[in-house]
Amino acid sequence: MRTRRFPAHDLGCHNAFSMRIDVITLFPDLIRSATRYSMVKRAQEDGIVQISVTDPRDFTPDRHRTVDDSPFGGGPGMVMKVEPIEKALAACREASGLNGRVLLTEPQGKPMTQADARRWANEPSLIIVCGHYGGVDQRVADHLADESVSIGDYVLTGGEIPALVIIDAVTRLLPGVLGNEESPEKDSFEEGLLGYPQYTRPEGHHGWRVPEVLLSGHHGAIQRWRRAQQLLRTRRLRPDLFARAPITAEDVRLMAETVQGDENEPG
């Protein structure tokens, strides 16, 4: 049996990789094509991450390369079989020499958070199993995967897009990927809050002005404004996040001052 992988030399990689991500998918070209762009491509070129793709069809005994079957008990759709996935997992581990943490992408999984991405970024190896069809044999989640992961409460055709979300979220946290080493710590969700509003030139557009504080050059005032905007934006748009965020007494006072100031603004 053979595996189809995305070799490092395809992108000119030459360094020892700090992390390896294997993706088990029925659509390897989808993963290959999407990881040839932007930050993820540069991380591969710089030898920071290696992304390898394995097709479970390569681990089937029949000439039709069957990876799914009808569900026991009846019902619509087809279910991905456990045997090809188990063999693909073993092949990934043999190729890497690592006992990678296995993530199964499926709607029943735990909703992914930024904390999960940071935790996974500390792993030397991840193996992402992409669900498809009507689902995956439950024995994969129960006995082969370490975690089942969802990226939201909606239905997708397959697990490839969630896998790409995981790859992107994890890769950008690896040392050396982002130009500004402080950038990951300033991301939205790192403190359980949404990001603050961002502006760039021109200062005015159709009468829509950039907030004056951002043009003041007063760094302390800018930081306070940004913190207040994070707090108020999260409270308004994501009250579920706000309820869990570590809000201080200073944060409460800052929000109150900002709201009062907005109320006192003319017009």
Side-chain angles (χ1 to χ4, degrees), residues 1-59 67 80 84-106 109 112 114 116-132 136 140 144-151 156-179 183-184:
M1 298 179 189
R2 58 190 175 86
T3 60
R4 296 175 179 174
R5 292 192 174 81
F6 187 10
H9 60 72
D10 278 7
L11 289 173
C13 302
H14 54 278
N15 298 331
F17 294 99
S18 63
M19 184 178 195
R20 175 179 172 121
I21 301 176
D22 285 273
V23 184
I24 297 175
T25 171
L26 298 174
F27 300 95
D29 287 342
L30 194 160
I31 302 297
R32 290 191 184 107
S33 61
T35 54
R36 288 182 179 272
Y37 296 93
S38 189
M39 172 199 68
V40 176
K41 176 187 177 183
R42 292 195 301 271
Q44 292 175 88
E45 291 174 337
D46 293 342
I48 297 171
V49 66
Q50 180 182 9
I51 299 172
S52 182
V53 183
T54 299
D55 189 340
R57 292 187 183 92
D58 294 333
F59 300 89
V67 293
M80 288 185 68
I85 293 175
E86 182 178 33
K87 292 176 181 177
L89 282 169
C92 290
R93 286 173 168 148
E94 181 182 0
S96 68
L98 299 168
N99 189 27
R101 186 165 190 82
V102 179
L103 310 180
L104 171 64
T105 60
E106 60 173 356
M112 177 184 169
Q114 183 67 15
D116 292 323
R118 186 164 289 283
R119 176 167 54 85
W120 297 331
N122 290 319
E123 296 280 344
S125 171
L126 290 178
I127 305 175
I128 306 172
V129 179
C130 299
H132 208 72
V136 180
V140 174
L144 300 178
D146 296 299
E147 301 178 55
S148 293
V149 183
S150 167
I151 62 166
L156 299 173
T157 304
E160 284 72 25
I161 292 175
L164 291 169
V165 169
I166 294 170
I167 290 170
D168 191 276
V170 168
T171 299
R172 68 188 309 282
L173 294 174
L174 299 176
V177 172
L178 298 181
S183 292

Nearest atoms (heavy-atom pairs only) where [X] meets [Y]:
X      : Y      : result
Ser150 : Glu106 : CB-O, 3.5 Å
Phe59  : Ala91  : CZ-CB, 3.5 Å
Ala121 : Leu174 : O-CD2, 3.5 Å
Ala169 : Met112 : CB-CE, 3.6 Å
Arg20  : Asp22  : NE-OD2, 2.8 Å
Val170 : Ala117 : CG2-O, 3.8 Å

Donor-acceptor contact present, side-chain [X] to main-chain [Y], <3.5 Å:
X      : Y      : result
Gln44  : Thr35  : yes
Thr171 : Asp168 : no
Ser38  : Val40  : no
Thr105 : Val129 : yes
Arg36  : Lys41  : no
Thr54  : Ile24  : no
His132 : Thr157 : yes
Arg57  : Leu26  : yes

Could you tell me whether the side chain of [Y] reaches within less than 4.5 Å of the side chain of [X], counting heavy atoms only?
X      : Y      : result
Trp120 : Leu173 : no
Arg32  : Ile51  : no
Cys130 : Val23  : yes
Ile48  : Met19  : no
Val102 : Leu144 : no
Met39  : Leu178 : yes
Leu104 : Ile85  : no
Leu164 : Leu30  : yes

Can you tell me how far the [atom1] atom of [X] sits from the [atom2] atom of [Y], to the nearest 0.5 Å?
X      : Y      : atom1 : atom2 : result
Arg93  : Leu98  : CZ    : CG    : 10.0 Å
Ile166 : Asp116 : CD1   : CG    : 9.0 Å
Asp29  : Asp55  : CG    : CG    : 9.5 Å
Ile128 : Glu160 : CD1   : CD    : 10.5 Å

